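None of the values given here were measured: they were computed from a predicted structure. Just so it is clear, the values below take in all heavy atoms, side chains as well, and ignore hydrogens, waters and symmetry mates.
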Amino acid sequence: MVTYQVQIPESNQEAFLNIIRSLQSLGVITSFSASDNLTHPGSPIPIESLLAILKTSEQQATDGLVVPADQVGDYMKSWRSNR
């Protein structure tokens with residue numbers, strides 16, 4: 001299982017959720033949840049949380065589970081043209 005954290009401008013939130021729902025209906029995504037923020041501007045993330053995020057990210061990179069930004073862009077273009 002791989003976990004992603006994405007920041008979406010509030011103005012694009014509904015469109016992004018539609019994409020996520022589409023991917024869920026295809027079985028690509030098993031579950032998702034939304035969170036306003038891990039922290040508020042000016043307040044730090046607890047060190048334990050930050051270290052856990054970094055450890056998970058490093059392991060995902062080691063396992064080859066990183067998707068390059070250009071591939072994400074290509075997928076989004078393809079998805080939009082097939083709507």
Side-chain angles (χ1 to χ4, degrees):
M1 187 67 59
V2 178
T3 301
Y4 295 93
Q5 178 181 340
V6 215
Q7 293 181 344
I8 307 298
E10 197 167 323
S11 60
N12 295 333
Q13 184 176 7
E14 190 58 37
F16 180 76
L17 288 174
N18 287 336
I19 293 168
I20 295 298
R21 288 182 191 113
S22 295
L23 292 172
Q24 189 176 30
S25 70
L26 293 172
V28 175
I29 294 177
T30 55
S31 65
F32 69 93
S33 63
S35 174
D36 288 335
N37 274 321
L38 290 175
T39 184
H40 298 287
S43 65
I45 296 175
I47 291 174
E48 297 80 21
S49 297
L50 180 58
L51 291 174
I53 291 168
L54 290 173
K55 183 177 179 179
T56 300
S57 297
E58 287 175 345
Q59 187 60 50
Q60 289 174 349
T62 300
D63 294 343
L65 300 174
V66 178
V67 179
D70 60 327
Q71 286 183 2
V72 173
D74 291 344
Y75 175 81
M76 293 303 297
K77 289 175 188 174
S78 172
W79 180 82
R80 285 183 180 153
S81 67
N82 291 325
R83 281 178 43 184

Colleague: To the closest 0.5 Å, what do you measure between CG (Leu54) and CG (Leu50)?
Modeller: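 Spacing of CG (Leu54) from CG (Leu50) equals 4.5 Å.
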Colleague: Evaluate whether atom CD of Glu10 has more than 12 neighbouring non-hydrogen atoms of other residues, nucleotides or ligands under 6.0 angstrom away.
Modeller: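 It does not: Glu10 CD has 12 such atoms or fewer within range.
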Colleague: Using the salt bridge (charged side-chain N to carboxylate O under 4.0 Å, His left out) criterion, which residues pair with Glu14? Sequence neighbours excluded.
Modeller: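 Checked Glu14 against salt bridge (charged side-chain N to carboxylate O under 4.0 Å, His left out); matches are Arg21.
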Colleague: Look at the side chain of Ser78 and the backbone N and O of Asp74, then say whether any donor-acceptor pair between them is shorter than 3.5 Å.
Modeller: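 The answer is no, because no donor-acceptor pair under 3.5 Å joins these two groups.
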Colleague: Drop me the distance from Asn18's CG to Gln13's CD, to the nearest 0.5 angstrom.
Modeller: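 Between atom CG of Asn18 and atom CD of Gln13 there are 10.5 Å.
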Colleague: Return the CG to CH2 distance between Leu23 and Trp79, rounded to the nearest 0.5 Å.
Modeller: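 Atom-to-atom, Leu23:CG and Trp79:CH2 are 8.5 Å apart.
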Colleague: Hydrophobic clusters join Ile, Leu, Val, Met, Phe, Trp and Tyr when side-chain heavy atoms are under 4.5 Å apart, directly or via other members; which others share one with Leu51?
Modeller: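 In the cluster with Leu51 are Ile47.
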Colleague: Within the side chain of Asn12, is there an N or O that forms a donor-acceptor pair under 3.5 Å with the backbone of Ile8?
Modeller: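 No; zero donor-acceptor contacts below 3.5 Å.
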Colleague: Nearest 0.5 Å please: distance from the CD1 atom of Ile20 over to the OG atom of Ser25.
Modeller: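 Reported to 0.5 Å precision, the distance equals 11.0 Å.
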Colleague: So, taking the atom named OG in Ser57 and the one named CG in Leu65, what distance separates them when rounded to the nearest 0.5 Å?
Modeller: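 Between atom OG of Ser57 and atom CG of Leu65 there are 11.0 Å.
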Colleague: In terms of hydrophobic clustering (I, L, V, M, F, W, Y; side-chain heavy atoms under 4.5 Å; direct or indirect links), are Val66 and Ile29 co-clustered?
Modeller: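 In one cluster with Val66: Ile29, no.
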